[in-house]
Novice: 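The structure's right below; bear with me while I get my questions together.
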Amino acid sequence: MAADEYAREPCPWRIVDDCGGAFTMGVIGGGVFQAIKGFRNAPSGMSRRLNGSLTAIKQRAPITGGQFAMWGGLFSTIDCSLVYMRKKEDPWNSIISGAATGGILAARSGVPAMIGSAAIGGILLAMIEGVGILLTRFTAEPFRQMGPGEMGDPSVLGPSGTPIMGQEKAYQ
């Protein structure tokens, strides 16, 4: 298990936490996007453009936030269910949760759309988990403990050529 998993909320509360975090991200990101879109699509004149930008934010940003919250809540619910059923917390839970969430949210569009969305969700989460694992390995490399065979020649340690105290047996 990664160290960040110990700091997360326990499963029932994780769903609410992830749902709220996803809503916040959706509102902020959607607000920025809608501000630009409303500004560009408004009639000429700075006050009209700013008013168009503000109107677009008020109308569409909460909808985008709700869509993000739906995705985050469903993803966390499936993830917690998998943790409960499989009795372990690993990257496969996130990958399966991403695929299932994509498929479920596309159910109204038919089976082909479900399959496509499930594939995209699974591949996207697999890439995110893979990058996380690689970053963890690369950042942990400087802190890796060296074994006795990796220490090298003790003669280079000091002018007298004696090994480090307590490591005499490793060099015999």
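Every value quoted in this text rests on a predicted model; they were computed, and no experiment measured them.
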Novice: Is the number of heavy atoms from other residues, nucleotides or ligands within 6.0 Å of CZ (F39) greater than 12?
Specialist: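 Counting other residues, nucleotides and ligands, CZ of F39 exceeds 12 neighbours.
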Novice: Give the minimum heavy-atom separation between D90 and R86, together with the two atoms involved.
Specialist: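 For D90 and R86, the tightest heavy-atom pair comes out as OD1-NH1, 2.7 Å.
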Novice: When you measure from the side chain of T55 to the backbone of N51, do you find a donor-acceptor pair of N or O atoms at a distance under 3.5 Å?
Specialist: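 Such a contact is found between T55 side chain and N51 backbone.
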Novice: Is the number of heavy atoms from other residues, nucleotides or ligands under 6.0 Å of R48 CZ greater than 12?
Specialist: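 No, not enclosed.
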Novice: Which pair of non-hydrogen atoms, one from A61 and one from G30, has the smallest distance, and what is that distance?
Specialist: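 Scanning both residues, the minimum pair turns out to be CB-C, 4.2 Å.
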Novice: Out of the candidates I104, I15, L125, only one should pair with F75 under the side-chain contact (heavy atoms from CB on, under 4.5 Å) rule; please name it.
Specialist: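 That would be L125.
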Novice: Please check: side-chain N/O of N93 versus main-chain N/O of K88, any donor-acceptor pairing under 3.5 Å?
Specialist: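 At least one qualifying donor-acceptor pair exists.
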Novice: Just how far is it from atom CD1 of I78 to atom OG of S94, taken to the nearest 0.5 Å?
Specialist: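 Here the interatomic distance stands at 11.5 Å.
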Novice: Does one hydrophobic cluster hold both M46 and I57, with members joined at side-chain heavy-atom distances below 4.5 Å?
Specialist: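 In one cluster with M46: I57, no.
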Novice: Atom OG of S117 and atom CG of L124: how far apart are they, to the nearest 0.5 Å?
Specialist: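 Taking OG in S117 and CG in L124, the distance rounds to 11.5 Å.
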Novice: Measuring from F23:CZ to I28:CD1, what's the distance to the nearest 0.5 Å?
Specialist: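 It comes to 10.0 Å.
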Novice: Rounded to the nearest 0.5 Å, what separates atom CZ in R60 from atom NZ in K37?
Specialist: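 R60 CZ to K37 NZ: 7.0 Å, rounded to 0.5 Å.
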Novice: Can you measure from CG (L105) to CD (Q67) and round to the nearest 0.5 angstrom?
Specialist: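 It comes to 10.0 Å.
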Novice: Indicate yes or no for a side-chain donor-acceptor contact from S76 to the backbone of G73 under 3.5 Å, with no hydrogens or angles considered.
Specialist: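 No: the side chain of S76 does not pair with the backbone of G73.
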Novice: Would you name the heavy atoms of A56 and G38 that are closest together and state the gap between them?
Specialist: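 Shortest heavy-atom contact: CB-CA, 3.8 Å.
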Novice: Just how far is it from atom CD of E89 to atom SG of C11, taken to the nearest 0.5 Å?
Specialist: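 If we round to the nearest 0.5 Å, E89:CD and C11:SG are 6.5 Å apart.
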Novice: Check whether more than 12 heavy atoms from other residues, nucleotides or ligands sit under 6.0 Å from atom CE of M114, and answer yes or no.
Specialist: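 It does: M114 CE has more than 12 such atoms within range.
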Novice: For T136 versus T139, what's the shortest heavy-atom pair and its separation?
Specialist: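 Between these two residues, the closest heavy atoms are O-OG1, 3.3 Å.
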